[in-house]
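Okay, so here's the structure we're looking at.
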Amino acid sequence: MCPRPMCPRHIVILGGTTEARGLAAALSTHPGVRVTTSLAGRVSRPGQVVGEVRIGGFGGAEGLADWLRAEQVDFLVDATHPFAESITENAARAARATGVPTVVLRRPGWHPGPGDRWHDVASLDEAAALLPRLGRRVFLTTGRLGLAAFAQLTGLHFVVRSVDPPEPPMPPHTEVLLARGPFTVAEESQLLRGHDIDVLVTKDSGGEATSAKLTAARQLALPVVVVRRPPLPEGVDAVPDAAGVLERLGLEP
């Protein structure tokens, strides 16, 4: 039950992350709340989502603002991937333009522990520049849309794991593994050993669903290049889980 005089009626969630799906499911249990999850449509087999689903872009911040007005949206939750920088910026601008309250739902990032050999970098380009000093066989888990940053590394062999096939440009010596997680530590260790990997590259996605590779790399004493998250737009704050969003909305978990 909502303790406020009027509950938000139409809540829009941007993103196909695990957290977005969990939030949609949690909100669906509250009577009188309409939930719409907007997916970019970049993944051909998105996970199951409870409630209404919209697929496709908006045409930038102005297009999103127009859609928020037309659909009479009462609250906007940006639950996109931590590295979906342009979407997060557009969402913040659209929220300011329309006066729609907004919050970012973002799982906490990873932190190195004892035995980790992490190299923090600010971008994929910085990661690519560092790689030749760390190894020759690379397990690249930064997503299928960022391979161009490594295309010039002709002397390295890359193993790339992706849900959907990547598109060029990409490194000339690239082996693609099509798979969807989560994966266990044992599975990640087997992959690293089986492909003779000597360096792992990942984005700081955070969460437990994709952290097994970090544990496997630690156990095998492999160096890990970690791309830091981009900062949030000015004036935008984040909550770490669905419970934080429900609290903002005045809804019981």
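- Taken to the nearest 0.5 Å, the OG1 atom of T36 stands 5.0 Å off from the CH2 atom of W67.
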Stepwise salt bridge (Lys or Arg N to Asp or Glu O under 4.0 Å) test for E52 and R34: CA-CA 8 Å; E52 299 177 32; R34 175 189 172 194; 2.9 Å; yes
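- The backbone N or O of P165 lies less than 3.5 Å from no partner atom in the side chain of S162, so there is not a single donor-acceptor pair.
- Around CD of Q152, the count of heavy atoms belonging to other residues, nucleotides or ligands within 6.0 Å exceeds 12.
- Shortest non-hydrogen contact noted between A94 and A65 is CB-N, 3.8 Å.
- For R54 and F58, the positive end sits near the middle of the six-membered ring, less than 6.0 Å away and at most 45° from its axis.
- Closest non-hydrogen pair, A91 versus L14, comes out as CB-CD1, 3.7 Å.
- For T80 and D78, the side-chain atoms include at least one donor-acceptor pair closer than 3.5 Å.
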What's the verdict on salt bridge (Lys or Arg N to Asp or Glu O under 4.0 Å) for E175 and R161, showing C-alpha distance, side-chain angles and the deciding distance? CA-CA 9 Å; E175 183 179 354; R161 185 168 63 199; over 6 Å; no
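- No side-chain heavy atom of T202 sits less than 4.5 Å from a side-chain heavy atom of V227.
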List the steps, then state whether side chain to side chain contact (heavy atoms under 4.5 Å, CB included) holds for V226 with H119. CA-CA 6 Å; V226 181; H119 300 263; over 6 Å; no
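- Side chains of F139 and L191 form a contact here, defined as non-hydrogen atoms less than 4.5 Å apart.
- A donor and an acceptor atom, one from each side chain of T17 and H81, are nowhere located under 3.5 Å apart.
- Counting heavy atoms of neighbouring residues, nucleotides and ligands inside a 6.0 Å radius, atom CZ of R193 does not exceed 12 of them.
- For the pair S189 (side chain) and A186 (backbone), a donor-acceptor distance under 3.5 Å is absent.
- To the nearest 0.5 angstrom, F158 atom CZ is 9.0 Å from L147 atom CG.
- For the pair D204 (side chain) and R229 (backbone), a donor-acceptor distance under 3.5 Å is absent.
- Counting only distance, with no hydrogens or angles, the side chain of H30 and the backbone of E252 share a donor-acceptor pair below 3.5 Å.
- When atom types are taken as modelled, the side chain of D198 and the backbone of R137 share a donor-acceptor pair closer than 3.5 angstrom.
- Taking CG from L140 and OG1 from T174, the interatomic distance works out to 8.0 Å, rounded to the nearest 0.5 Å.
- At a threshold of 4.5 Å between non-hydrogen side-chain atoms, the residues P166 and V176 count as touching.
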Evaluate the criterion side chain to side chain contact (heavy atoms under 4.5 Å, CB included) for residue pair V12 and V77; output intermediate values, then yes/no. CA-CA 6 Å; V12 170; V77 182; over 6 Å; no
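- A pairwise comparison of heavy atoms in G207 and W110 identifies O-NE1, 2.8 Å as the closest pair.
- In terms of modelled atom types and a separation under 3.5 Å, the side chain of H10 and the main chain of E71 share a donor-acceptor contact.
- Between R248 and D237 there is a salt bridge, with a side-chain nitrogen of the basic residue lying less than 4.0 Å from a carboxylate oxygen of the acidic one.
- Here R107 pairs with E19 in a salt bridge; the nearest charged N to carboxylate O distance falls below 4.0 Å.
- For the pair R117 (side chain) and V224 (backbone), a donor-acceptor distance under 3.5 Å is absent.
- Among the candidates L130, L124, V138, the single residue satisfying the side-chain contact (heavy atoms from CB on, under 4.5 Å) test with V201 is V138.
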Chi angles and distances behind the side chain to side chain contact (heavy atoms under 4.5 Å, CB included) call for T141, L200: CA-CA 8 Å; T141 64; L200 166 67; 4.0 Å; yes
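- V50 is not listed as a side-chain neighbour of V35, based on a closest heavy-atom distance of 4.5 Å or more.
- With respect to the salt-bridge test (charged N to carboxylate O, under 4.0 angstrom), the residues R9 and D74 qualify.
- Side-chain atoms of T88 come within 3.5 Å of backbone N or O of A84 as a donor-acceptor pair.
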Does the pair V159 and H157 meet the rule for a side chain to side chain contact (heavy atoms under 4.5 Å, CB included), with working shown? CA-CA 7 Å; V159 175; H157 179 87; 4.1 Å; yes
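- Looking only at side-chain heavy atoms (C-beta outward), V103 and F75 come within less than 4.5 Å of each other.
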Identify every side-chain donor-acceptor pair in residues 214-222 under 3.5 Å, counting partners at least two apart or on other chains, and give the distances.
from	atom 1	to	atom 2	distance (Å)
R218	NE	D116	OD1	2.9
R218	NH2	D116	OD2	3.4

